[in-house]
Amino acid sequence: MNIFRLAGDMTHLASVLVLLLKIHTIKSCAGVSLKTQELYAIVFATRYLDILTSFVSIYNTLMKLIFLGSSFSIVWYMKYHKTVRRTYDRDQDTFRHWFLMLPCLLLALLIHEKFTFFEVLWTFSLYLEAVAILPQLVLLQRTRNIDNLTGQYIFLLGGYRGFYILNWIYRYFTEPHYVHWITWIAGLVQTLLYADFFYYYFLSWKNNKKLQLPA
Amino acid sequence: GDIASQHDEL
């Protein structure tokens, strides 16, 4: 565990907590894409299938449980909670997530490190995580007015990706045989998707103005 | 690559 990996995990955790805070205390999920949240739930479900069979550390298992639990509870809140679900921007959040899942599944069947059930699903989760933010970014673009918590949520998620790239660079130079092209390319694609959002986030922060995306 | 070390990340 290096400082970049820890910082990445902590920003990831913080992003989830910010979203849960918004949903739990303000009882609102306005501006949050259910499609993206469902994709994350699928990402964690397929990636952490090995939770019972492969033990790395208490830290890892605990974080896996937190990410699984939080992603499914966010989906549950948005779909079934009587007040939260009324704040969901159903008509704007129309991205078809099947269009993301099918290509990711096909790609995972074609390009993987090992052709086993767990490994293909792990690879599928990497590809899907890379594009899972797209429905959220499309929703932001459509609603344009972004409240602070939603903006912070996406900012923290992007930060998590950035730290993971630093972690990979660090591990590549410090650990022998640490080469994972699939993870790196999927992670890089994912981080690049945030670039545009980051640009406007910093612009609004610099000018001390509310975050607004161009039409 | 060593698959096991890949899976020590989240």
Side-chain angles (χ1 to χ4, degrees), chain A residues 1-2 4-6 8-13 16 43-44 47-51 53-57 59-68 112-116 118-123 125-126 129 160 163-165 167-168 170-172 174-184 186-187, chain B:
Chain A
M1 175 80 84
N2 58 68
F4 304 114
R5 156 87 195 273
L6 185 65
D9 286 346
M10 289 305 115
T11 34
H12 193 186
L13 189 63
V16 172
V43 163
F44 294 131
R47 185 172 307 168
Y48 301 153
L49 272 179
D50 66 356
I51 190 162
T53 53
S54 96
F55 179 79
V56 175
S57 63
Y59 171 85
N60 259 39
T61 304
L62 200 64
M63 293 295 270
K64 285 177 179 179
L65 285 172
I66 291 172
F67 289 134
L68 277 169
H112 43 252
E113 284 195 17
K114 220 166 65 175
F115 192 64
T116 62
F118 283 98
E119 196 56 31
V120 168
L121 279 183
W122 173 279
T123 313
S125 82
L126 290 177
E129 189 188 355
Y160 143 62
F163 280 124
Y164 253 76
I165 288 180
N167 158 56
W168 295 328
Y170 180 84
R171 290 189 71 174
Y172 177 77
T174 54
E175 291 175 33
H177 314 300
Y178 183 77
V179 181
H180 296 295
W181 284 108
I182 294 175
T183 315
W184 296 344
Chain B
D2 169 12
I3 301 276
S5 79
Q6 177 185 342
H7 291 204
D8 64 7
E9 287 174 0
L10 299 160

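Here is the naming used below: chain letters follow the sequence lines, and residue numbers restart at 1 for every chain.
Here His12(A) and Tyr164(A) keep their ring centres 6.0 angstrom or further from each other.
Of all heavy-atom pairs spanning Phe4(A) and Asn167(A), the tightest one is CB-N, 3.6 Å.
Every residue meeting the ring pair (Phe, Tyr, Trp, His ring centres under 6.0 Å) condition with Phe115(A), not counting sequence neighbours, appears here in chain and number order: His112(A). Partners of Asp50(A) under the side chain to side chain donor-acceptor pair (under 3.5 Å) rule, at least two apart in sequence or in another chain, are Ser54(A), Lys64(A).
Residue Trp184(A) does not touch chain B at all, counting heavy-atom pairs closer than 4.5 Å. Proximity to chain B (any heavy atom under 4.5 Å) is shown, for Phe44(A), by neither the backbone nor the side chain. Using a 4.5 Å cut-off between heavy atoms, Asn60(A) contacts chain B through both its backbone and its side chain.
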